[in-house]
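Note sheet for the following structure.
Both counts, for ligands and for their atoms, begin at 1 and track the order of listing. In this text the structure is predicted, and so the values were computed from the model without any measurement. Throughout, residue positions are numbered sequentially from 1 according to the sequence presented.
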Amino acid sequence: MPKIVSARLIVTSPGRNFVTLKIQCDDGTTGLGDATLNGREMAVASYLQDHVIPCLIGREAHRIEDIWQYLYKGAYWRRGPVTMTAIAAVDMALWDIKGKVAGLPVYQLLGGAAREGCMVYCHANGTSIEDTIATAIRHRDEGYRAIRLQCGVPGLASTYGVAKAGQRYEPADADLPSESVWSTEKYLRVVPELFAAAREALGWDVHLLHDVHHRLTPIEAARLGKDLEPYRPFWIEDATPAEDQEAFRLIRQHTTTPLAVGEIFNSIWDAKHLIENRLIDYIRATVVHAGGLTHLRQIASLADLYQVRTGCHGATDLSPVTMAAALHFGLSIPNFGIQEHMPHTDETDAVFPHHYRFEDGMMHPGDAPGLGVEIDEALAETYPYKRAYLPVNRLEDGTLWSW
Ligand SMILES: O=C(O)[C@@H](O)[C@@H](O)[C@H](O)[C@H](O)CO
Ligand SMILES: [Mg+2]
């Protein structure tokens, strides 16, 4: 059985920062794990370098569950985004190794394909409703069957999810947090207009999604859910901050608009009450921030009992290693819902050559052994790390608000 002989971090920034863990075994097999936590990358790098990697050397790479438990219970201090991202990176790398040794793609190790491919959704955003719709039409014509709509809010200089004119959307944009101004009242006026225009332009054969990004109170989220019902959204996401899982019951009481939450969750405990009380329809926890494939499968299994489906986070600050792992995961589980797909830049794809592919609105991880992603270390080295923070958000009166 292969034993772990070394593990190291590759920090690279092809347009944005990524932290990748590379584990090597005594038989030469290597495995990759994504360890990227947007805006706090070096916290995870240090957690891995200073506290996890020394414990991995000499262990049997195949003992994924035992190593997972060792890193989770053995740390004493449990859960949290830094710890669970670090554990996720180890977990992904070990599944990658197991697949390579077995000569099988990871989804075959997870029970095989439960579907032909994973339906994905992409992002359409614009400073105006018209620009957003034009982008959405382009993506529909590219074959996407599901499209997330985010548009500018009249009266606000910027808002979540909308790129600066002519630029790709990359929220971690400054050496210190940039500040944005938010108005719920202005926002709640424009989103129903956006969806009305979108249904008018795109019709009903495409799923439309929207990300509220934690910014509404429960009753405001209930109002938005009701206002959007005539346009049948696939979901509204992060409608209200989810530390208070019970808050979603208030939204549920007022609207049939499906609810998605969980991209910032890092363990099953963040979602247990939501799932067991059917307060949500989709769980967005993702491989890189929720403890890896090993833990995410537990979350998906609990969700399956309550007819909650997966809708994993898949923004560009999750590396191609996570994208690949998410597709192996999504292909294999019974309650797959949808997978977010923000295509990475050409520079990022060159650093992380991969086998996953997009076709006709669906994605497939490919059949290469393991996760099917590698890293070009020489190229990675040419993109040095550059500190970058996610923005901070304030109300018009200066109150610090959710970004
Ligand atoms: O649903 C999404 O994709 C967003 O919520 C993310 O873009 C999120 O803002 C970033 O991943 C934060 O790093
Ligand atoms: Mg989101």
* **Salt-bridge criterion met for Arg252 and Asp281 (N-O under 4.0 Å)** => yes
* To do: For the pair Tyr107 and His364, name the ring-plane relationship: parallel under 30°, tilted 30 to 60°, perpendicular over 60°.
  => perpendicular
* Atom name of the N, O or S atom in Glu237 that lies nearest to the Mg ion (ligand 2) -> OE2
* Asked: Please walk me through it: do Arg63 and Tyr70 pass side-chain hydrogen bond (donor to acceptor under 3.5 Å, both in side chains)?
  -> CA-CA 11 Å; Arg63 300 186 65 176; Tyr70 182 95; over 6 Å; no
* Nearest protein heavy atom with distance in Å, relative to atom 10 (C) of ligand 1 -> Asp317 OD1, 3.4 Å
* Asked: Are any of the heavy atoms in Glu237 under 4.0 Å away from ligand 1?
  -> yes
* To do: Report the relative orientation of the aromatic rings in His213 and Tyr160; use parallel for angles under 30°, tilted for 30 to 60°, perpendicular for over 60°.
  => parallel
* At a non-hydrogen distance cut-off of under 4.0 Å, which region of Asp238 contacts ligand 1 (side chain, backbone, both, or neither)? -> neither
* Asked: Does the shortest distance from the Mg ion (ligand 2) to an N/O/S atom of Asp238 fall below 2.8 Å?
  -> no
* **Under-4.0 Å salt bridge between Arg297 and Glu65** => no
* Asked: Backbone or side chain, does Asp211 get an N/O/S atom under 2.8 Å to the Mg ion (ligand 2)?
  -> yes
* **Proximal ligand 1 atoms for Asp211, defined as those under 4.0 Å from one of its heavy atoms** => 1 (O), 2 (C), 4 (C), 5 (O)
* Asked: What N/O/S atom of Glu263 is the closest to the Mg ion (ligand 2)?
  -> OE1
* To do: Would you please name every residue forming a ring pair (Phe, Tyr, Trp, His ring centres under 6.0 Å) with His139, sequence neighbours left out?
  => Tyr144
* May I ask you to identify the nearest protein heavy atom to atom 3 (O) of ligand 1, giving residue, atom name and distance to one decimal place in Å? => Glu340 OE2, 2.5 Å
* Asked: Does ligand 1 have any atom that is closer than 4.0 Å to a heavy atom of Trp403?
  -> yes
* Around Arg78, counting heavy atoms of other residues, nucleotides and ligands shown, do more than 12 lie under 6.0 Å from its CZ? -> yes
* Asked: Can you tell me the protein heavy atom closest to atom 9 (O) of ligand 1 and the distance?
  -> His213 NE2, 2.8 Å
* Structure fact -> among protein heavy atoms, the one nearest atom 5 (O) of ligand 1 is Glu263 OE2, 2.5 Å
* To do: For ring pair (Phe, Tyr, Trp, His ring centres under 6.0 Å), just list the numbers for Tyr121 and Phe234, CA-CA rounded to whole Å, side-chain angles, deciding distance to a tenth of an Å, and then say yes or no.
  => CA-CA 10 Å; Tyr121 75 88; Phe234 185 88; 7.8 Å; no
* **Arg215/Glu220 salt bridge by N-O under 4.0 Å criterion** => no
* Which residue supplies the protein heavy atom nearest to atom 4 (C) of ligand 1, what is that atom called, and how far is it? -> Tyr160 OH, 2.9 Å
* Minimum-distance protein heavy atom relative to atom 13 (O) of ligand 1 -> Asn38 ND2, 2.8 Å
* Structure fact -> Under 4.0 Å from one or more heavy atoms of Arg148, ligand 1 contributes atoms 1 (O), 2 (C), 3 (O), 4 (C)
* **With sequence neighbours excluded, residues passing side chain to side chain donor-acceptor pair (under 3.5 Å) with Tyr187** => His210
